[in-house]
Amino acid sequence: MAKMGSRKHLKRFKSPEHWPIHPKENKWTVKPSAGPHSIEGSLPLLLIVRDILKVADNSKEAKMIINSGDILVDGRARKDYKFPVGFMDVVELPKSEKVYRVLPDDKGELILYPITKENAEFKLCRIQDKTTIKGGKTQLNLHDGRNCLVEKEYKTGDVVVVEVPEQNVTNHIKFESGTIGLITGGKHIGELGKIKEINVTKSSKSNTVLIETDDKKTFLTLTDYVFVIGKDKPVISLPGGN
């Protein structure tokens with residue numbers, strides 16, 4: 001029985017720090033299903049319903065709400081209470097007409113930021129990799145686990161605007177100097193700034209990006225931590241009114 005529990009559940013003290021649960025309240029918590037986001041970069045749907053949005057008082061109520069199809073993620077009903085919800089995902093509660101986008105705060109914790117219905121019709125996805133498949137078409141491998149076929153030329157690090165739930169790519173934002181970047185890791189996580197310079201190294205060291213904030217402060221961060229969200233201004237609404 002112990003082995004089965006370790007596979008299906010997760011000890012609270014081993015859960016990611018950004019999860020909104022107390023490590024000593026119970027021994028176990030819900031373990032995310034295998035899906036588009038890692039455990040470290042996601043929140044199980046049950047925790048969102050019960051602990052963040054607080055539309056359920058306990059696990060049983062949360063499971064009933066989820067199983068009824070009342071929670072949409074990226075425009076699709078998700079009935080698995082373990083479904084991993086992560087960065088840039090759109091969470092919608094149609095009955096209450098509330099919509100949220102998952103974003104990091106300045107402490108590195110994932111939060112559900114309220115957005116408008118119009119803002120919920122798309123999400124931003126970073127191109128992690130790309131491959132050429134049979135027929136010469138290009139397949140983009142995106143940060144949220146999805147893959148899509150495109151005819152235009154894109155580069156790794158660029159961000160595509162994807163309609164949800166249709167998954168059509170409608171636009172894209174190049175990873176280049178002058179664009180606006182949201183920092184998704186490191187000590188500057190959650191900060192916003194303009195890309196001033198992209199430093200590509202020829203050694204084993206990681207590439208870096210020089211970021212300038214609105215108050216003209218600058219800092220270096222890793223390329224992998226920069227998620228471009230607009231050319232001149234963010235195309236999504238952000239905490240703090242950006």
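These values consider heavy atoms only, across backbone and side chains, with no hydrogens, waters or symmetry-generated copies.
From Lys233, atom NZ reaches atom CG of Leu192 across 13.5 Å, with rounding to the nearest 0.5 Å. For the atom pair CD (Glu121) and CD (Glu163), the distance works out to 8.5 Å, reported to the nearest 0.5 Å. With rounding to the nearest 0.5 angstrom, the OG atom of Ser177 is 9.0 Å from the CG atom of Leu210. Once rounded to the nearest 0.5 Å, the distance linking NZ of Lys98 with CG of Leu93 reads 8.0 Å.
A donor-acceptor contact shorter than 3.5 Å is absent between the side chain of Asn199 and the backbone of Val209. A donor-acceptor contact shorter than 3.5 Å links the side chain of Arg126 to the backbone of Val226. For Asn67 (side chain) and Met64 (main-chain N/O), no donor-acceptor pair under 3.5 Å exists by modelled atom type. For Arg101 (side chain) and Asn119 (main-chain N/O), a donor-acceptor pair under 3.5 Å exists by modelled atom type. Without hydrogens or angle criteria, Thr179 side chain to Val228 main chain gives no donor-acceptor distance under 3.5 Å. No donor-acceptor distance shorter than 3.5 angstrom exists from the side chain of Thr138 to the backbone of Thr132, with no hydrogens or angles considered. A side-chain donor-acceptor contact under 3.5 Å links Thr201 to the backbone of Lys205. Judged purely by atom type and a 3.5 angstrom limit, Lys123 has no side-chain atom pairing as donor or acceptor with the backbone of Asp74.
For the pair Glu176/Lys231, a side-chain contact is recorded, criterion being any heavy-atom separation below 4.5 Å from C-beta on. Counting only heavy atoms from C-beta outward, the side chains of Ile211 and Ile195 approach each other to under 4.5 Å. At a threshold of 4.5 Å between non-hydrogen side-chain atoms, the residues Glu153 and His172 do not count as touching. Using a 4.5 Å heavy-atom cutoff, the side chains of Phe122 and Thr170 are not in contact. Residues Val162 and Asn168 fail the side-chain proximity criterion, which asks for heavy atoms closer than 4.5 Å. Within the 4.5 Å cutoff, the side chain of Lys187 has no heavy atoms near those of the Phe219 side chain. Between Ile236 and Met88, the closest side-chain pair of non-hydrogen atoms falls below 4.5 Å. Residues Asp158 and Leu140 fail the side-chain proximity criterion, which asks for heavy atoms closer than 4.5 Å.
A single hydrophobic cluster is seen to contain both Ile66 and Val91, as judged by linkage of ILVMFWY side chains at heavy-atom distances under 4.5 Å, directly or through other members. Following chains of ILVMFWY side-chain contacts shorter than 4.5 Å, one cannot reach Val55 starting from Leu72, and the two form parts of different hydrophobic clusters. Linking Ile, Leu, Val, Met, Phe, Trp and Tyr residues whenever their side-chain heavy atoms come within less than 4.5 Å leaves Ile183 and Leu220 in two separate clusters. Criterion: ILVMFWY side-chain heavy atoms under 4.5 Å apart, direct or through other members. Under it, Leu182 and Phe175 are part of a common hydrophobic cluster. A single hydrophobic cluster is not seen to contain both Tyr154 and Leu149; linkage of ILVMFWY side chains at heavy-atom distances under 4.5 Å, directly or through other members, places them apart.
A pairwise comparison of heavy atoms in Ala120 and Val164 identifies O-CG2, 3.4 Å as the closest pair. Here the closest heavy-atom approach between residue Cys125 and residue His143 is recorded as CA-ND1, 3.5 Å. The minimum heavy-atom distance linking Asp70 with Pro94 is given by the pair O-CD, 3.4 Å. Between Ile127 and Lys155 the shortest heavy-atom distance is CD1-O, 3.6 Å. Residues Gly69 and Ala77 approach most closely at O-CB, 3.8 Å, considering heavy atoms. Contact detail for Val102 and Gly86: the closest heavy-atom pair is CB-O, 3.3 Å.
The pair Lys107-Asp105 does not count as a salt bridge, with every side-chain nitrogen at least 4.0 angstrom from each carboxylate oxygen. By the 4.0 Å N-to-carboxylate-O rule, Glu92 lies close enough to Lys117 to be salt-bridged with it.
A 6.0 Å sphere centred on NZ of Lys194 holds no more than 12 heavy atoms belonging to other residues, nucleotides or ligands.
Looking at Thr208, Asn207, Thr223 one by one, the single match for side-chain contact (heavy atoms from CB on, under 4.5 Å) with Val200 turns out to be Asn207.
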